[in-house]
Structure formats: structure tokens, C-alpha cells
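Take a look at the structure below.
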Amino acid sequence: MSEGEHLTPAHHVGELLARARNPFDVPDALLRRLDSALMVQVELAGWRHRNNPRPALRCSSFRHAFLLADGGSAVLWELCYDDPEHGGELREVYADEAELRRAEQRVHRRMGGGPRTGPGSTAGGEPAARRGPAEPRSSCGHLSAPDTTAQGAHTYTGEDSPDHARRLLRRAENPDRPGEDVRKRLATALGHDIVYVPRPSAWESRGRVWCSVYQHAFLLADGSEISLYELEHNLSGSGRLVCEVYLEETVADEAVLRMARERGIDL
């Protein structure tokens, strides 16, 4: 491969996906648009550095902005963070800024310590002034604050909700994940909302255990609502983060407790 080919936006996308642990989170339709990209610009979007307690941990996010052949633009968001359990750095990629912020919150909770810093916030954790008009981005969902989990409090946004549901179910690894009947219902989704569901503090009080639950609420074409509960955990035995999806929050809870008991961990 020549140097010129190495620097093309298409090759940049390929490298970005190759190093990400979740390339399946980027919609196929967006990847087809990026095939026509003429230019790419990368900029730091946020960072956090924790020195104490040891080991020191870093978390950074980057904005990859692409100029397309039709004059439009597209953005991919990359999250990079230290993984002390496996002695290296992990990277994740997202097509939607709200999903990036959700992943950042997960990493920051694992890091502990002080508030997030970076271009999107001040050292004290308060939002900083905007630097200018927001760039167009893929609208895949809205991340709600933890206190909006009450029934009927969802803010449904996003034109790609069926695709969001498809990608969520595609990355689920549990054999009892929702089946084809749920997939067909979600194909009619008009919007969705993502909510972090706070868990008992004991879940995250042990350094070797990580469990998080997110509610993905969908508004369907007939006016009804359906929720999927995404469980992220490192109780798989290998230590890697695993995604499981359930129709009920209580079933997700039971799955965590069962896996913890199987490994002799008392939550």
C-alpha cells in the first residue's frame, strides 16, 4: 500500500473500526456514506486523568469529522481509555455523541475520583461555553439523566431507532435475549430513549466486578412502548465486558446475581 492510499479517509475509517472493540455499533448506512469521504479531521473532544489512587488512569474522546463527496459531513466518535486489568488501552467507536457520553460515564464511574475535564467541561465539572454551532451528526437517541426513569417520562428522539434496536440485539450475547417477535415490533419504532439505571452500590464497590444496566425505551408506530434492558458486565470469566439484553429489569438483576454466585462473589 502506498503512502497516499494509507492517508485516505476510507483507510482512516478502516483503521478506526479495526482497533475498536465495538465496530458493530456503527450503522451500515453510515459506513456506506463514509465510502465517499474526501477529507477527515480529528480533534480532541474530552479527557480525564486520574492520578490517585494508583494506578493512574486516562480517558480521552476524539471527534473524527468527515467531508463527503456530496458536500455533507459525518462524524464518528472514538473513546480511548486505560484498562489496568488487561494492561493496555481499549478503544470504542460510536456514530452518535449521546452514545459516546454514555460510554464515557461508564468509564468515569470505573475510574472514580474527581470530575471529568476537557473541551466539553471545566475543571470543576460544569459545562463550558460552546465553541460554535454543532456539526450535523447521526441522531440515534437521547441519553436521559438517571432520575428520568419514571414511566411516561421518556423523551423519544432519533430517526434511526429500528437500526439502534437491531444493533443492540446484534451485540447481545445471552442465549435468552429477545427473539424475532420483539425484533419485528421494534422495526416499527419511531423513537427511543436511553436511560442509565442506578444499581445497588455493592455492584460497583469491588474492583473486580463491573455491572451496569441501561434502559432502551422505544416508542412504536401504534403508540405503544417497549423497553429493552442492556446489561454490561465483566462476569464472563475472561474479564472482558459483555453485553446482554433482557425484556425485564428484574431478569437482568437475577442474571447478575446468578453469575456472581457461580464465581463465588457475594453481591
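As a basis for the values below, the full set of heavy atoms in this structure was taken, side chains included, without hydrogen atoms, waters or symmetry mates. As the structure is a computational prediction, the values presented were derived from the model and not from experiment.
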Heavy-atom side-chain proximity of [X] to [Y] below 4.5 angstrom:
| X | Y | result |
| --- | --- | --- |
| Val242 | Leu231 | no |
| Gln215 | Glu230 | no |
| Leu44 | Ser60 | yes |
| Ser61 | Glu104 | yes |
| Glu244 | His233 | yes |

Taking all atoms of both residues into account, what is the closest heavy-atom pair of [X] and [Y], and its distance?
| X | Y | result |
| --- | --- | --- |
| Ala260 | Leu235 | N-CD1, 4.2 Å |
| Leu228 | Pro178 | CD2-CG, 3.9 Å |
| Trp77 | Asp96 | CD1-C, 3.9 Å |
| Tyr156 | Phe218 | CE2-C, 3.7 Å |

Is the closest side-chain donor-acceptor distance between Glu78 and Tyr94 under 3.5 Å? no
Under 30°, 30 to 60°, or over 60°: which ring-plane class applies to His64 and Phe66, parallel, tilted or perpendicular? parallel
Would you confirm whether [X], through its side chain, and [Y], through its main-chain N or O, come within 3.5 Å as a donor-acceptor pair?
| X | Y | value |
| --- | --- | --- |
| Asn174 | Val245 | yes |
| Arg167 | Asp25 | yes |
| Arg170 | Phe24 | yes |

Are [X] and [Y] connected in the hydrophobic side-chain network, where two residues link if heavy atoms are under 4.5 Å apart?
| X | Y | answer |
| --- | --- | --- |
| Leu67 | Val42 | no |
| Leu168 | Val195 | no |
| Leu68 | Val26 | yes |
| Ile226 | Leu190 | no |

Separation of [Y] [atom2] from [X] [atom1] (nearest 0.5 Å):
| X | Y | atom1 | atom2 | result |
| --- | --- | --- | --- | --- |
| Ile194 | Ser227 | CD1 | OG | 11.5 Å |
| Tyr229 | Glu248 | OH | CD | 9.0 Å |
| Asp163 | Arg166 | CG | CZ | 4.5 Å |
| Arg19 | Arg91 | CZ | CZ | 4.5 Å |
| Phe62 | Leu79 | CZ | CG | 9.5 Å |
| Asp176 | Leu247 | CG | CG | 9.5 Å |

Can Glu254 and Arg258 be counted as an ion pair, charged N to O under 4.0 angstrom? no
Taking Arg171 first and then Glu173, would you say they form a salt bridge - that is, a charged N and a carboxylate O separated by under 4.0 Å? no
Under 3.5 Å, which donor-acceptor pairs do the side chains of residues 28-41 form with other protein atoms, sequence neighbours left out?
| unit_1 | atom_1 | unit_2 | atom_2 | d |
| --- | --- | --- | --- | --- |
| Ser36 | OG | Arg33 | O | 2.9 |

Report, as yes or no, whether the 6.0 Å neighbourhood of atom CZ on Arg58 holds more than 12 heavy atoms from other residues, nucleotides or ligands. no
Tyr246 ring centre to Arg177 NZ or CZ under 6.0 Å, with the angle to the axis within 45°? no
What residues, two or more places apart in sequence or in another chain, satisfy salt bridge (Lys or Arg N to Asp or Glu O under 4.0 Å) together with Arg106? Glu92, Glu232
Contacts satisfying side chain to side chain donor-acceptor pair (under 3.5 Å) that involve residues 179-190 (not counting sequence neighbours) are none
